[in-house]
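Numbers restart at 1 for each chain; the letters A, B, ... are given by sequence-line order, proteins then strands.
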Amino acid sequence: MIPLLEIKNLTIRFFTDDGVIHAVEDFSFSLPKNKTLGIVGESGSGKSVTALSILRLIPSPGKILRGQILFEGTDILTLPESELYKIRGNRISMIFQDPMTSLNPLFTVGYQIAEAVTAHQKVSRQEAKSRALALLEAVKIPEAKKRFNAYPHQLSGGMRQRVMIAMALSCNPSLLIADEPTTALDVTVQKQILELIAELQKDFQMSVILITHNLGIISEVCDQVLVMYAGRCVEEGPVSSIFRAPRHPYTFGLLRSVEKMIPIPGQLPILKESAVACTFAPRCFLAAEKCRQGEPPLFDVEENHQSRCWFHDQVQI
Amino acid sequence: MSLLLEVKNLKKYFPVTSGLLFRKTIGEVRAVDDVSFTVSPGESLGVVGESGSGKSTLGRLVLRLLMPTEGQILFEGQDIFSLRRLDLTKLRQNIQIIFQDPYASLNPRMTIGQILSEPLQLHHVLPVRQIPERVNELLNDVGLAPQYANRYPHELSGGQRQRIGVARALALKPKLIVADEPVSALDVSIQAQILNLLQALQAKYHLTYLFISHDLSVVRHITNRVAVMHFGKIVELEETEKLFKNPFHPYTKELLSAVPLPRSQMG
């Protein structure tokens with residue numbers, strides 16, 4: 001069976017005045033149908049850039065240098081713009097971190113959802129309206145009829161994020177990319193939104209890529225998790241096995257900083273040239289001579305579980 | 001032991017108005033509604049609640065950035081709302097704040113050195129020529145090299161900027177620091193760094209914290225007692241460990257159960 005999405009050797013660089021920044025380096029993963037993948041990493045690890053590249057939305061001066069992004073077998077990177085429009089927002093849709101800045105303050109939320117419907121489907125205005133209303137109900141907005149004519153500023157943060165989700169679902173996408181969907185929200189509202197995403201994932205039979213820096217969120221909703229560090233995948237595997245026994249010191253450090261408030265020393269490097277050593281070595285408690293001499297490959301440590309560490313069998317919780 | 005801060009029946013209602021030309025009050029928002037608590041020197045009290053629960057309004061009242069509708073706040077036995085001029089200036093030295101967003105709370109046109117020396121100049125606490133030395137000392141306290149004094153905020157990462165926010169709050173050697181969501185804009189790995197820094201500084205300078213946050217796991221790590229706010233009222237006030245082991249109020253239970261933990265589903 002072909003996976004829904006397959007990324008192969010993706011390399012993204014930003015050509016800035018200060019030099020070339022290696023944002024994403026030789027990055028690969030595949031996502032089966034109806035599965036939820038979590039991508040974790042700190043700000044600057046390249047997780048958002050990877051998400052944007054799936055819809056070919058990398059802002060200048062960023063460029064995709066190499067690689068393939070296969071969505072249902074077709075390479076998104078070589079598609080002409082006109083074909084891309086048919087996928088973007090239709091087959092693959094995306095929700096962003098801040099629901100206030102991603103909604104247009106001048107239009108009612110109902111109008112904005114209906115607009116997303118008519119952009120991709122040949123339906124009458126009336127029908128688009130009723131679809132939009134049904135979507136508002138699907139994302140469990142109370143009194144959907146009344147809220148249909150509300151402007152974004154009249155809704156709370158959680159409600160706005162629900163509207164964003166309704167808009168993203170308007171064309172029954174097979175892939176939903178959620179970039180930090182709950183970071184701007186309170187814990188109790190965050191929980192509701194995560195439950196909603198998990199529920200809709202089943203109802204709409206989609207795959208979800210959830211991008212976050214919060215490991216707790218990953219464990220609530222994801223099947224598979226991928227840890228990014230300095231533009232690379234450093235560990236990938238099923239949520240249960242990674243959280244029970246992380247095999248990369250960075251994942252270990254992240255877990256420890258959430259659970260025991262023991263920080264990881266130092267900070268994320270900004271890479272201006274190709275790495276010749278392990279990028280995590282300067283912050284790593286296991287670092288040895290070997291780590292400073294060569295970059296480790298991804299080792300298979302268990303079934304479906306990979307780690308980019310020379311000493312992956314010495315990481316212990 | 002004498003109390004550092006005593007809040008008595010504090011109320012803050014904001015009017016809700018309508019009409020563009022003829023403004024009239026049609027209602028009120030009870031942001032803080034009859035809140036009382038005390039803080040001892042050296043203690044750190046957490047205030048948790050959702051957005052809109054009134055926790056930030058409470059912080060602003062303690063700083064006297066807002067005047068209350070009713071009630072009193074006593075700082076070392078003095079009513080802060082009746083203070084005038086010089087006494088108020090003195091109060092402002094003793095109560096400082098760390099803001100949530102280290103990107104918005106530092107002036108982009110000032111160097112770190114200027115940012116840190118501004119409070120020292122405004123309050124005339126040091127002769128001018130001793131200021132650079134004090135700035136170095138502050139940078140050292142928050143774990144940054146002295147060279148940072150010549151840099152601008154945009155050259156720093158989020159965690160480093162928040163360190164500057166902490167250093168600025170420390171500049172006047174305050175007794176009480178109100179920390180309003182000091183780590184919620186930071187990555188988890190950096191959050192722990194800042195929290196540990198705040199703890200180390202508390203021990204070193206005998207600081208008292210009023211720690212406002214919506215994140216219970218952060219509060220658990222750093223506070224002795226926690227006040228849970230809900231719609232302007234304190235619904236539960238308990239020692240931190242007891243609260244986490246044995247939450248009493250249903251709202252506290254709901255808050256606790258909402259925190260996503262990496263290994264909550266596994267034994």
Side-chain angles (χ1 to χ4, degrees), chain A residues 38 40-45 47 156-158 180 182-195 212-222 225 229 239-246 250-270 283 317, chain B residues 48-53 55 100-101 103 143-144 155-161 163 181 183-200 213-222 228-230 250-267:
Chain A
V40 237
E42 289 173 81
S43 343
S45 61
K47 55 192 197 307
S156 68
E180 302 266 11
T182 60
T183 310
L185 306 174
D186 275 325
V187 269
T188 44
V189 181
Q190 165 172 297
K191 192 181 179 193
Q192 293 163 8
I193 296 287
L194 291 175
E195 281 167 0
T212 176
H213 67 271
N214 189 336
L215 289 165
I217 290 177
I218 297 278
S219 78
E220 302 261 312
V221 283
C222 298
V225 56
Y229 186 80
V239 169
S240 55
S241 95
I242 285 204
F243 284 176
R244 194 170 297 125
Y250 180 60
T251 320
F252 174 80
L254 281 180
L255 277 168
R256 218 166 42 156
S257 64
V258 181
E259 290 179 333
K260 302 197 178 124
M261 295 283 164
I262 301 173
I264 306 172
Q267 51 182 304
L268 196 76
I270 295 169
R283 301 172 74 182
I317 216 92
Chain B
V48 296
E50 290 175 82
S51 337
S53 62
K55 53 190 198 304
Q100 172 171 9
D101 187 349
Y103 293 85
L144 293 175
E155 299 174 72
L156 272 54
S157 68
Q160 288 172 332
R161 286 184 213 211
R163 284 173 195 269
E181 302 267 14
V183 297
S184 62
L186 306 173
D187 274 321
V188 270
S189 60
I190 311 294
Q191 281 187 3
Q193 289 180 7
I194 297 293
L195 290 174
N196 288 341
L197 172 71
L198 287 173
Q199 268 187 331
S213 178
H214 70 272
D215 188 341
L216 283 158
S217 51
V218 166
V219 166
R220 180 174 198 168
H221 183 63
I222 199 164
V228 181
M229 282 192 82
H230 190 42
Y251 179 67
T252 314
K253 288 180 190 165
E254 194 193 326
L255 273 182
L256 282 173
S257 70
V259 178
L261 286 171
R263 273 176 284 197
S264 57
Q265 272 97 351
M266 304 154 210

**Q** If every non-hydrogen atom of A/S219 is compared with every non-hydrogen atom of A/G216, which pair is closest and at what distance?
**A** OG-O, 2.9 Å

**Q** Locate the shortest heavy-atom distance separating A/H213 from B/V188; write the atom from each residue and the value.
**A** O-CG2, 3.3 Å

**Q** May I ask you to decide whether A/K191 forms a salt bridge with A/E220, counting only side-chain N to carboxylate O separations under 4.0 Å?
**A**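 Answer for the salt bridge query: no.
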
**Q** What part of B/Q160 lies closer than 4.5 angstrom to a heavy atom of chain A: side chain, backbone, both or neither?
**A** side chain

**Q** Side chain from CB out, backbone as N, CA, C, O: work out which of these in B/S257 comes under 4.5 Å of a heavy atom of chain A, or both, or neither.
**A**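 Both backbone and side chain.
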
**Q** Is chain B contacted by the side chain of A/V258, its backbone, both, or neither, given a heavy-atom distance below 4.5 Å?
**A** side chain

**Q** Which region of B/I190, side chain (C-beta onward) or backbone (N, CA, C, O), has a non-hydrogen atom less than 4.5 Å from a non-hydrogen atom of chain A, or is it both or neither?
**A** side chain

**Q** Does A/D186 have any side-chain hydrogen bond (donor to acceptor under 3.5 Å, both in side chains) partners at least two apart in sequence or in another chain, and if so, which?
**A** B/S51

**Q** Which heavy atom in A/E42 sits nearest to a heavy atom in B/S189, and how many Å separate them?
**A** OE1-OG, 2.8 Å

**Q** Tell me, side chain or backbone of A/L194 under 4.5 Å from chain B's heavy atoms, or both, or neither?
**A**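 Looking at A/L194, nothing touches chain B.
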
**Q** By a 4.5 Å heavy-atom criterion (distance strictly below it), what part of A/Q190 contacts chain B: side chain, backbone, both, or neither?
**A**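 Side chain only.
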
**Q** Chain B heavy atoms under 4.5 Å from A/L254: which part of the residue, side chain, backbone, both or neither?
**A** side chain

**Q** Under 4.5 Å from any heavy atom of chain B, what part of A/I262 do you find: side chain, backbone, both or neither?
**A**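 Contact with chain B is through the backbone of A/I262 alone.
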
**Q** Find the distance between CD (B/Q199) and CD1 (B/I222) and round it off to the nearest 0.5 Å.
**A** 5.0 Å

**Q** Name the member of B/L186, B/L195, B/N196 that forms the most heavy-atom pairs with chain A at distances under 4.5 Å.
**A**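 The answer is B/N196.
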
**Q** Quick one: ring pair (Phe, Tyr, Trp, His ring centres under 6.0 Å) partners of B/H230, sequence neighbours excluded?
**A**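 Here the qualifying residues are B/Y251.
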
